[in-house]
Amino acid sequence: MSGQKVSYVQITDREYDKFINSAREVENIESRVQHQLDKQEHQLRSDFNNQMKQIKYKSKQQEINIQRLDNRLDNLVESIEAKETNKRNQALSWLDEAKDALVTIDSYRHNKFSPNEYRKLQQKLEFSSINIENEVYEASISNSQSLWQEACELKVRLEEFENEWSSYFEEAVKSNTTLIATCDAQTTLKLAFDIDDGSEELVVDIDFWCDGELYKLKELALIQQTLLKHSENIEVKDFKELIQKSTQYQADVRGLTQKAKEAIILSQLRSDMASDIINSLDDSGFTLEDSCFEGDDERASIHLKMTNIRGDEVVTIITPLSNKENKLDIHFFDKVSDETFKQTRLQNMIDRLSQSGVDCQVPKCAEGTQHHSSGDESVRDFQTVKNIKRG
């Protein structure tokens, strides 16, 4: 028989559900998120609000600059013709109307929303001016009327683009603010566990129990926030993508509550397994000499070292694999090789774990150790185990 045995143990659904159901969140996530929003929304939105004020002010100025551009083309034609019978004067009047229209267009962010269209209209204006200089008044009038109408149509489109951009900008700011508040609300989680004589409360560091996932999501949220503070060059499609990501990140952050809850319960169940193993070996005359978590980290594997009066030693390692499954490594270091005694200790372990609601595979010799009567010497160095740095 090998001095190193391997088994795979899995917490039963019944035992796992019992622990999960006994752990209650003292304060739900919605109230924590709302608290964070109330606490920090002014600070988070101050820069964005200033930017929105500028946009709204500019929009108001645009409305002021509209003047006669909202009049229908036919009314404007009648007005000019009634006032000016001379073709040259009509051409000059239409040229002035076209110039005013372009001044209004220039107050919009036309380079952002309709690149090159303003430049094309300017070229038409130059042609109208040249026609007047060459006394081709009919062509100038026709050209300026067409230019004026195109400018009015472009103004309408630009207003739609501005409104759409502002709307998505505000939605992106809101979703990012909510994401940051959700991250801040998830810093800690207070759980209440039912115990025999009442309940016990535990404050959980969510980022720790989720292997730094909260920190990573908060970093992504802050990157988004920085982008929004310099949003002038951001397109609507970028806002849509940012909103979609913020929504997904919020769901990811909220899911960390359950993930942390499960992680701490699984850690506790591994500790319970360790207690069962200690008790089972105690029945065989062994006492606990040392115990630790790998890297001094409660999320990692648990290492137990037990010895008896004869100097025999057993090192047991419980390593989390995935969800409720764990790997059980048992290393024997006996003064005198006694196969029957090893089998007795193994059976006591398995029986005790099974009684506690753990499904255990039959222990097998670790691969390549079939002819080794002792376990791996390296596992006896607990100081090294404690100092292991987790990735």
Would you indicate whether Q244, at its atom CD, is surrounded by more than 12 heavy atoms from other residues, nucleotides or ligands within a distance under 6.0 Å?
-> no
With distance as the sole test, does [X] use its side chain to make a donor-acceptor pair with the main-chain N or O of [Y] at under 3.5 Å?
{"X": "S166", "Y": "E162", "value": "yes"}
{"X": "H331", "Y": "V315", "value": "no"}
{"X": "T247", "Y": "I243", "value": "yes"}
{"X": "N134", "Y": "V136", "value": "no"}
{"X": "D106", "Y": "L102", "value": "no"}
{"X": "S142", "Y": "A139", "value": "no"}
{"X": "S267", "Y": "E298", "value": "yes"}
{"X": "N176", "Y": "A172", "value": "no"}
{"X": "S140", "Y": "S128", "value": "yes"}

Nearest 0.5 Å please: distance from the [atom1] atom of [X] over to the [atom2] atom of [Y].
{"X": "I388", "Y": "D297", "atom1": "CD1", "atom2": "CG", "answer": "11.0 Å"}
{"X": "T182", "Y": "K218", "atom1": "OG1", "atom2": "NZ", "answer": "11.0 Å"}
{"X": "S146", "Y": "I141", "atom1": "OG", "atom2": "CD1", "answer": "13.5 Å"}
{"X": "L281", "Y": "M349", "atom1": "CG", "atom2": "CE", "answer": "4.0 Å"}
{"X": "L214", "Y": "E219", "atom1": "CG", "atom2": "CD", "answer": "10.5 Å"}
{"X": "L269", "Y": "N326", "atom1": "CG", "atom2": "CG", "answer": "9.0 Å"}

Modelled atom types, side-chain donor and acceptor of [X] and [Y], under 3.5 Å:
{"X": "S284", "Y": "N348", "answer": "yes"}
{"X": "Q149", "Y": "Q145", "answer": "no"}
{"X": "Q250", "Y": "T178", "answer": "no"}
{"X": "E294", "Y": "S301", "answer": "yes"}

Less than 4.0 angstrom from a charged side-chain N to a carboxylate O is my criterion; do [X] and [Y] meet it?
{"X": "K174", "Y": "E170", "result": "no"}
{"X": "E232", "Y": "R109", "result": "yes"}
{"X": "R380", "Y": "E377", "result": "yes"}

Could you check whether any side-chain heavy atom of [X] comes within less than 4.5 Å of a side-chain heavy atom of [Y], counting everything from C-beta outward?
{"X": "L228", "Y": "L242", "value": "yes"}
{"X": "S175", "Y": "Y249", "value": "no"}
{"X": "I277", "Y": "V314", "value": "no"}
{"X": "K386", "Y": "D290", "value": "yes"}
{"X": "Q90", "Y": "Y137", "value": "no"}
{"X": "D351", "Y": "S280", "value": "no"}
{"X": "F293", "Y": "S271", "value": "yes"}
{"X": "V204", "Y": "K190", "value": "no"}

Could you please spell out the steps behind the side-chain contact (heavy atoms from CB on, under 4.5 Å) verdict for D272 and S356?
-> CA-CA 9 Å; D272 291 345; S356 298; over 6 Å; no
Examine R299 relative to F208 and say whether NZ or CZ is less than 6.0 Å from the centre of the six-membered ring and inside a 45° cone about the ring axis.
-> yes
Not counting sequence neighbours, list each pair that qualifies as a salt bridge (Lys or Arg N to Asp or Glu O under 4.0 Å) and has a residue in residues 276-289.
-> D283-R352
Provide the full list of salt bridge (Lys or Arg N to Asp or Glu O under 4.0 Å) pairs with a residue in residues 119-134, sequence neighbours left out, each pair given once.
-> K124-E150
At their closest point, which heavy atom of [X] faces which heavy atom of [Y], and how far apart are they?
{"X": "S231", "Y": "F169", "result": "OG-CE1, 3.3 Å"}
{"X": "E97", "Y": "W148", "result": "O-CD1, 3.6 Å"}
{"X": "K112", "Y": "W165", "result": "CE-NE1, 3.3 Å"}
{"X": "L147", "Y": "A98", "result": "CD2-CB, 3.5 Å"}
{"X": "L288", "Y": "M306", "result": "N-CE, 3.7 Å"}
{"X": "L256", "Y": "L217", "result": "CD1-CD1, 4.1 Å"}

Who pairs with E138 by salt bridge (Lys or Arg N to Asp or Glu O under 4.0 Å), at least two apart in sequence or on another chain?
-> K87
Sequence neighbours left out, what passes salt bridge (Lys or Arg N to Asp or Glu O under 4.0 Å) with R88? Give chain and number order.
-> none
Test of understanding: with side-chain contact (heavy atoms from CB on, under 4.5 Å), list the residues that count as partners of [X], not counting sequence neighbours.
{"X": "A263", "value": "W209"}
{"X": "A151", "value": "A101, I105, L121"}
{"X": "D312", "value": "F286, N308, R310, D334, K335, F341"}
{"X": "Q361", "value": "S7, Y8"}

Partner residues of [X] under the side-chain hydrogen bond (donor to acceptor under 3.5 Å, both in side chains) criterion, sequence neighbours left out:
{"X": "E241", "answer": "K245"}
{"X": "D252", "answer": "Q248"}
{"X": "D381", "answer": "T384"}

Is [X] linked to [Y] within one hydrophobic cluster, defined over Ile, Leu, Val, Met, Phe, Trp and Tyr using a side-chain heavy-atom separation of less than 4.5 Å?
{"X": "L125", "Y": "F127", "result": "no"}
{"X": "I350", "Y": "I330", "result": "no"}
{"X": "V385", "Y": "I278", "result": "no"}

Please work out whether the ring planes of H110 and Y118 are parallel, tilted or perpendicular, with thresholds of 30° and 60°.
-> parallel
What residue among Q186, K259, K216 forms side chain to side chain contact (heavy atoms under 4.5 Å, CB included) with C210?
-> K259
With side-chain contact (heavy atoms from CB on, under 4.5 Å) as the test, would you mind laying out the steps for L346 and F332 before giving the verdict?
-> CA-CA 10 Å; L346 278 174; F332 296 98; 3.8 Å; yes
What pairs meet the ring-ring contact (aromatic ring centres under 6.0 Å, His included) rule with one or both residues in residues 172-192, with sequence neighbours excluded?
-> none
